[in-house]
Amino acid sequence: MSEKCLKCFRPLSTCYCSSIKTLETDVKFIFLMHPKEAYHQHTGTGRLACLSLKDAEIIVGIDFTHNAKLNRLLSDPDFFPMVLYPGEDSVTAEAPLLKERCNAGKKLLIIVVDATWFFAKKMLRLSPNVRNLPKISFKNIYTSEFTFKRQPAPGCVSTIESCFFLIKELQQAGVISTTVDPQPLMDVFRKMVDFQLEAEQQRIDAGIPGRHSYDNQRDLMRKGKPRRRRVSLEEQYTLPEQR
């Protein structure tokens, strides 16, 4: 078994740490990571996001109701906690309560549930201290660049992309400072995706079965078709009515 980097948990031969640039935003991120995501997912992006965001933390578990560390943060009067999760009761970065947070001088505490949608729903159901927090989601609909995996539905993006888009929308709404560019989040994410696609191509060329039978990009590559075009960030930020 190859040695692993103790920071990014990747094999030392494919460690991403040299490509990670730590960002200091006006937001504290907490990643509630499902054990399967933490210990068995080789292409998960939550750990990369946490390493890229200063003062971010990972808490591994399923039921966080009595998690002491999380509950201390949620009860800290210096923070305004919200959970990043879509839904009819979710608000966007332009919501008045975000402006109220700014006026009150509280730091935004964003809880990110890092798991598959199936497990994320279970984690929220079991954790009322998280489920009952105000929810924030995106104003725009984004296309994931995680081309190595098939997204469960249009508009679904990876954990690290979620952090990137949320920071951009908070900046555009004037909730947090624009002095920090979150682009390094996408840079290290793209490196991971490109590495996985290149490794898959090498397996195909060597006649080795692919690791992910459900991988839509693998299917395209095996059929000799071009990979899906990467949507530019400029296109991502253009509202549908402006396209």
Side-chain angles (χ1 to χ4, degrees), residues 23-32 45-46 48-50 52-54 56 74 79-117 120-121 123-124 130-147 149-190 193 228-243:
L23 310 173
E24 185 170 7
T25 67
D26 295 334
V27 180
K28 181 174 176 64
F29 285 89
I30 296 294
F31 297 88
L32 302 184
T45 66
L48 284 179
C50 185
S52 301
L53 296 163
K54 188 173 182 179
L74 296 182
F79 289 123
F80 181 73
M82 301 186 78
V83 59
L84 179 59
Y85 201 81
E88 293 182 357
D89 55 344
S90 297
V91 301
T92 68
E94 298 176 342
L97 77 162
L98 269 298
K99 300 291 185 182
E100 293 172 7
R101 176 212 66 92
C102 292
N103 295 333
K106 292 189 175 185
K107 186 169 185 176
L108 192 58
L109 174 67
I110 295 294
I111 308 298
V112 182
V113 182
D114 189 27
T116 63
W117 283 108
K121 291 176 182 178
M123 291 160 71
L124 284 182
V130 180
R131 183 180 68 244
N132 295 330
L133 292 173
K135 295 182 179 64
I136 187 170
S137 190
F138 307 122
K139 175 182 178 180
N140 299 329
I141 297 176
Y142 300 106
T143 301
S144 176
E145 292 190 19
F146 210 158
T147 54
K149 287 187 175 181
R150 178 177 297 150
Q151 298 302 322
C156 291
V157 295
S158 68
T159 298
I160 198 167
E161 289 174 298
S162 295
C163 296
F164 173 81
F165 291 128
L166 180 63
I167 291 170
K168 292 295 290 187
E169 291 200 356
L170 289 169
Q171 289 177 330
Q172 291 166 355
V175 175
I176 63 174
S177 171
T178 59
T179 56
V180 175
D181 184 0
Q183 181 59 38
L185 286 166
M186 295 300 293
D187 292 340
V188 69
F189 170 65
R190 286 170 172 171
V193 171
R228 192 165 66 234
R229 183 179 69 88
R230 173 176 283 166
V231 181
S232 70
L233 295 180
E234 290 75 16
E235 290 177 282
Q236 297 272 20
Y237 298 136
T238 303
L239 298 178
E241 60 268 22
Q242 296 174 335
R243 291 176 183 167

Any pair counted as salt bridge (charged side-chain N to carboxylate O under 4.0 Å, His left out), so long as it reaches residues 88-103, sequence neighbours left out | D89-K135, E94-K139
Would you find a donor on one side and an acceptor on the other, under 3.5 Å apart, between the side chain of T45 and the backbone of I160?
-> yes
Side-chain contact test, heavy atoms from C-beta onward, threshold under 4.5 Å: evaluate it for V83 versus L32 and give yes or no.
-> no
Any side-chain heavy atom of L23 sitting closer than 4.5 Å to one from P184?
-> yes
Is the W117 ring parallel, tilted or perpendicular to the Y85 ring (thresholds 30°, 60°)?
-> perpendicular
Tell me, do I176 and Q171 make a side-chain contact under 4.5 Å, heavy atoms counted?
-> yes
Looking only at heavy atoms, which two atoms of L84 and S137 are closest? And how far apart?
-> CD1-CA, 4.3 Å
In terms of ring plane angle, is the pair F29 and F31 parallel, tilted or perpendicular, where the classes change at 30° and 60°?
-> parallel
Could you go step by step and tell me if F165 and N140 meet the side chain to side chain contact (heavy atoms under 4.5 Å, CB included) rule?
-> CA-CA 9 Å; F165 291 128; N140 299 329; over 6 Å; no
For the pair V157 and F164, evaluate side chain to side chain contact (heavy atoms under 4.5 Å, CB included) and give the outcome as yes or no after the intermediate values.
-> CA-CA 10 Å; V157 295; F164 173 81; over 6 Å; no
Can you tell me how far CG of L53 sits from CD1 of I30, rounded to the nearest 0.5 angstrom?
-> 11.0 Å
Heavy atoms only: give me the nearest C163-A49 pair and the separation to one decimal.
-> SG-CB, 4.3 Å
Value rounded to 0.5 Å, distance of OG1 in T25 from CG in D181 | 12.0 Å
Distance in Å, E161 CD paired with T143 OG1, rounded so as to fall on 0.5 Å steps | 9.5 Å
Nearest 0.5 Å please: distance from the CE atom of M123 over to the OG1 atom of T116.
-> 9.0 Å
Apply side chain to side chain contact (heavy atoms under 4.5 Å, CB included) to the pair L166 and V27, showing each step before the final yes or no.
-> CA-CA 10 Å; L166 180 63; V27 180; 5.9 Å; no
What pair of heavy atoms forms the shortest contact from A93 to V175, and how long is it?
-> O-CG2, 3.4 Å
Minimum side-chain heavy-atom gap I136-L170 below 4.5 Å = yes
Mind checking the CE-CD1 spacing from M82 to I111? Nearest 0.5 Å is all I need.
-> 11.0 Å
Test side chain to side chain contact (heavy atoms under 4.5 Å, CB included) applied to I167 and V180, step by step = CA-CA 10 Å; I167 291 170; V180 175; over 6 Å; no
Taking side chain as C-beta onward, heavy atoms only, is F189 less than 4.5 Å from E145?
-> yes
Would you mind reporting whether V112 and S162 have side-chain heavy atoms less than 4.5 Å apart?
-> no
Might you point out which heavy atoms bring P81 and P134 nearest each other, and give the distance in Å?
-> O-CD, 3.6 Å
Find out whether L108 and D26 are in side-chain contact, i.e. whether some heavy atom of one side chain is under 4.5 Å from a heavy atom of the other.
-> no
Shortest non-hydrogen contact from D114 to G46?
-> OD2-CA, 3.4 Å
The reported gap from CG in L98 to OG1 in T92 (rounded to nearest 0.5 angstrom) is 7.5 Å
Find out whether K168 and Y142 are in side-chain contact, i.e. whether some heavy atom of one side chain is under 4.5 Å from a heavy atom of the other.
-> no
